[in-house]
2 protein chains.
Amino acid sequence: MTGSGVTNWLGANTPETNRRASTEAATSSRADIPLRDSNISSLIKPQIFSRFWSTGLLDREDLQTLQAQEWTRRTVEARTRFQMGRGFCVLASGLAARYGVSDAEEAQSTALIVPGDICDYSVATGTEPRARLVALTKSSYLWISAEQAIALAENAPNVLAAILAQLVIDRAVSEELLFSIARRTALERTAHFLCELEYRLRRMGLAHGGRFRLPMTQAEIGRHLGLTPVHVNRTMQELRRRHFVRSNGSGVELCDQQNLQQLAAFSPHYLNLSAGPSDQAFDA
Amino acid sequence: MTGSGVTNWLGANTPETNRRASTEAATSSRADIPLRDSNISSLIKPQIFSRFWSTGLLDREDLQTLQAQEWTRRTVEARTRFQMGRGFCVLASGLAARYGVSDAEEAQSTALIVPGDICDYSVATGTEPRARLVALTKSSYLWISAEQAIALAENAPNVLAAILAQLVIDRAVSEELLFSIARRTALERTAHFLCELEYRLRRMGLAHGGRFRLPMTQAEIGRHLGLTPVHVNRTMQELRRRHFVRSNGSGVELCDQQNLQQLAAFSPHYLNLSAGPSDQAFDA
DNA sequence: CGTCAACTTGACTTCACTCAAATAAGGTGG
DNA sequence: CCACCTTATTTGAGTGAAGTCAAGTTGACG
């Protein structure tokens with residue numbers, strides 16, 4: 001049944017070539033980012049769409065269709081809400097946080113959105129937008145109208161499949177955050193947060209050698225991790241004291257990823273579609 | 001654009017009649033369960049499918065198509081894993097917990113599945129199943145094969161839309177749990193848990209007058225709420241001491257829902273598709 | 001009637017929060 | 001370039017909510 005090119009519920013058909021790359025990637029070592037067909041990957045322009053490609057569900061034609069859409073670039077000032085309306089959009093630059101459906105939940109962000117991430121899945125699920133997105137820094141996103149998105153999904157079902165696949169990853173990230181807040185100490189939690197963010201930024205080419213920009217105040221980090229600003233501060237200090245992390249201003253460097261990952265029990269498999277630790281190849 | 005019968009990305013078309021019922025429901029008071037077209041609702045057999053209907057996305061024909069599938073009923077013993085494989089299934093009876101993708105996460109359940117809930121969305125998203133489901137009591141579920149599910153989605157796109165809509169609610173529930181664990185005290189958290197569960201069971205006809213069965217050990221509740229069994233115990237005692245809750249064995253009664261909901265800051269809007277507190281009707 | 005799992009209780013510990021104040025860092029207008 | 005203002009970070013002392021450990025107690029079931 002999964003024999004040749006898994007057909008998903010949407011009738012989309014996974015291209016064999018890309019798929020195999022995906023399976024190989026699963027075997028790569030711990031925090032390595034699965035590189036697939038990198039000669040193509042590097043040609044993806046804007047880089048934003050490389051996340052779609054990395055699902056392993058698109059062929060080149062799909063990618064071209066995606067790129068051919070009439071994307072509008074919109075800018076959002078720091079600390080202001082996204083006004084997405086009904087439409088589909090992908091974060092192009094900056095950093096944003098998603099807040100829950102309840103009003104009182106201003107105090108807790110449920111997800112961090114980095115460039116390449118899909119801002120809202122409401123178009124794919126056919127429901128009204130629920131999430132409230134707030135830009136943490138001046139950000140920009142690429143946007144197409146709901147109509148165009150619907151047409152896109154019809155013309156290129158693989159693209160819809162890729163979007164839904166990202167939704168699945170998004171959920172896994174949420175689950176990991178839930179676990180982090182429920183079970184990890186502040187130190188482990190913060191370490192995990194840094195590891196995850198570094199990984200996600202790195203695969204978008206926004207982190208190199210463990211260095212990246214973290215344009216969040218400690219209060220914002222606290223809102224994300226369920227900690228008070230004061231405790232975030234002390235926790236970061238402890239990480240620095242242990243020489244796991246260095247930082248100056250909004251610049252962060254994970255100088256001892258080995259230990260940091262161990263402390264956090266971080267493994268990036270949940271950030272990828274099919275690279276579970278106990279995952280067997282699902283073609284044959 | 002949202003003028004007449006919103007078209008979703010899947011090309012499914014929302015039936016006008018059902019839709020209006022949905023909008024009305026949004027105006028009903030706090031913990032009231034939106035009753036819609038109840039003369040039909042009560043005819044739904046098995047009751048399990050009433051959750052699909054309640055999305056407001058199906059018409060009667062869709063419902064019949066859904067019911068006409070060759071559902072297989074499968075049973076799962078308490079404390080054992082679901083073996084769903086690639087397929088689509090809905091919990092028919094009992095109670096189950098979902099655990100995250102990481103191995104270490106046995107200690108934390110990310111969601112509770114009650115009858116009527118969809119066990120796994122992997123068929124809808126076209127990805128491999130990731131969730132691990134464990135039955136808390138002897139449970140049963142209705143199952144169709146992936147092939148049949150795909151065919152169903154093609155024949156009745158509204159059904160797919162309804163499933164994705166439930167996925168959205170599922171996410172909102174996760175977010176609420178995240179908020180609960182991050183921001184609420186053990187007492188508030190436990191109160192919230194009870195309110196949510198009562199609501200969800202009530203709309204499936206499994207709770208009456210605040211009374212329902214809660215066949216979970218305190219250790220399992222703790223695994224769900226991020227608390228130790230000991231603390232769950234003390235917390236439940238405090239709720240009983242305040243006369244908010246009564247319990248004998250696995251039977252629970254919320255005898256002071258008013259105060260319980262206030263303590264928990266519980267509002268069921270997140271459990272419904274479009275009944276947000278600050279929600280305006282989106283037709284007209 | 002014995003056994004095992006679940007629940008309960010008490011004493012102690014600790015992680016993270018609170019409150020309050022002191023620095024440091026960033027912008028802005030003069 | 002500096003004075004000023006605001007926002008962010010840092011530090012300290014004290015508190016409290018929830019965890020830990022360890023020992024009962026209850027209850028279901030064979």
Side-chain angles (χ1 to χ4, degrees), chain A residues 77-80 95 97 107-108 134-138 178-194 213-242 245-252 263-264, chain B residues 77-80 95 97 107-108 134-138 177 179-194 213-242 245-252 263-264:
Chain A
E77 288 304 315
R79 274 135 237 262
T80 60
L95 196 62
Q108 183 63 35
V134 176
L136 297 177
T137 48
K138 183 165 180 169
L178 181 70
F179 178 76
S180 222
I181 291 176
R183 301 288 163 182
R184 286 194 251 255
T185 65
L187 195 68
E188 295 164 347
R189 205 183 302 175
T190 309
H192 190 275
F193 166 72
L194 293 172
R213 320 231 105 240
L214 178 59
M216 293 172 78
T217 67
Q218 295 182 344
E220 282 161 346
I221 295 172
R223 264 197 291 282
H224 185 61
L225 298 178
L227 295 170
T228 54
V230 175
H231 205 61
V232 171
N233 184 284
R234 294 195 223 269
T235 305
M236 292 292 282
Q237 278 181 59
E238 175 63 15
L239 289 175
R240 283 193 300 250
R241 197 192 61 71
R242 295 193 190 186
V245 169
R246 240 177 299 174
S247 69
N248 58 325
S250 70
V252 175
L263 170 63
Chain B
E77 288 305 314
R79 274 137 238 260
T80 60
L95 196 62
Q108 182 63 35
V134 176
L136 296 178
T137 47
K138 183 165 179 167
L177 180 62
F179 178 76
S180 221
I181 291 176
R183 301 287 162 182
R184 286 194 251 256
T185 66
L187 196 67
E188 295 164 347
R189 205 183 301 175
T190 309
H192 191 276
F193 166 72
L194 292 172
R213 317 232 107 239
L214 178 59
M216 293 172 78
T217 67
Q218 294 181 345
E220 282 161 346
I221 296 172
R223 266 197 290 282
H224 186 62
L225 298 179
L227 295 170
T228 54
V230 176
H231 205 61
V232 170
N233 184 285
R234 295 196 224 269
T235 305
M236 293 293 282
Q237 279 180 60
E238 176 63 16
L239 289 176
R240 283 194 300 250
R241 195 193 62 72
R242 295 193 189 184
V245 169
R246 239 176 300 174
S247 69
N248 58 323
S250 70
V252 174
L263 170 64

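Note on naming: letters A, B, ... go to the chains in the order of the sequence lines (proteins, then strands), and numbering restarts at 1 for each one. Predicted, not measured: the structure shown is a model, and the values here were computed from it.
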Output yes when at least one side-chain N/O atom of B:Gln218 is less than 4.0 Å from OP1 or OP2 of C:dA5, else no. no
Would one find a side-chain N or O of A:Asn233 under 4.0 angstrom from OP1 or OP2 of D:dT9? no
For a quick check, with a 4.0 angstrom heavy-atom cut-off, what is the B/S/- contact string for nucleotides 16-30 of chain D, read 5' to 3'? --BSB----------
Under 4.0 angstrom, heavy atoms only, what part of the nucleic acid is A:Arg183 near: base, sugar-phosphate, or nothing? nothing
Heavy atoms only, 4.0 Å cut-off, all strands: where does A:Arg241 land among base, sugar-phosphate and nothing? nothing
Selection from D:dT10, C:dT8, D:dT9 that lies nearest to any side-chain heavy atom of A:Gln237: D:dT10
Side chain of B:Thr217 only, heavy atoms from C-beta on: which candidate in D:dT10, C:dC7, D:dA8 is closest? C:dC7
Pairwise side-chain contact, A:Thr185 with A:Thr235, heavy-atom cut-off 4.5 Å (strictly under): no
Could you tell me if the side chain of A:Thr190 sits less than 4.5 Å from the side chain of A:Leu227, heavy atoms only? yes
Whole angstroms only, please: what is the [atom1]-[atom2] distance between [X] and [N]?
{"X": "B:Leu214", "N": "C:dC7", "atom1": "CG", "atom2": "C1'", "answer": "14 Å"}
{"X": "B:Leu136", "N": "C:dA5", "atom1": "CG", "atom2": "P", "answer": "18 Å"}
{"X": "A:Asn248", "N": "D:dT10", "atom1": "CG", "atom2": "P", "answer": "12 Å"}
{"X": "B:Arg79", "N": "C:dC4", "atom1": "CZ", "atom2": "P", "answer": "17 Å"}
{"X": "A:Ile181", "N": "C:dA16", "atom1": "CD1", "atom2": "C1'", "answer": "14 Å"}
{"X": "B:Met236", "N": "C:dT8", "atom1": "CE", "atom2": "P", "answer": "9 Å"}
{"X": "A:Glu238", "N": "D:dT10", "atom1": "CD", "atom2": "P", "answer": "14 Å"}

Is it true that atom CZ of B:Arg246 has more than 12 heavy atoms of other residues, nucleotides or ligands lying nearer than 6.0 Å? no
Candidates B:Arg184, B:Met216, B:Glu188 - the one meeting side-chain contact (heavy atoms from CB on, under 4.5 Å) with B:Phe193: B:Met216
Less than 4.0 Å between a side-chain N and a carboxylate O, is that true for A:Glu238 and A:Arg234? no
Checking B:Ser250 against B:Arg213: is there a side-chain donor and acceptor pair closer than 3.5 Å? yes
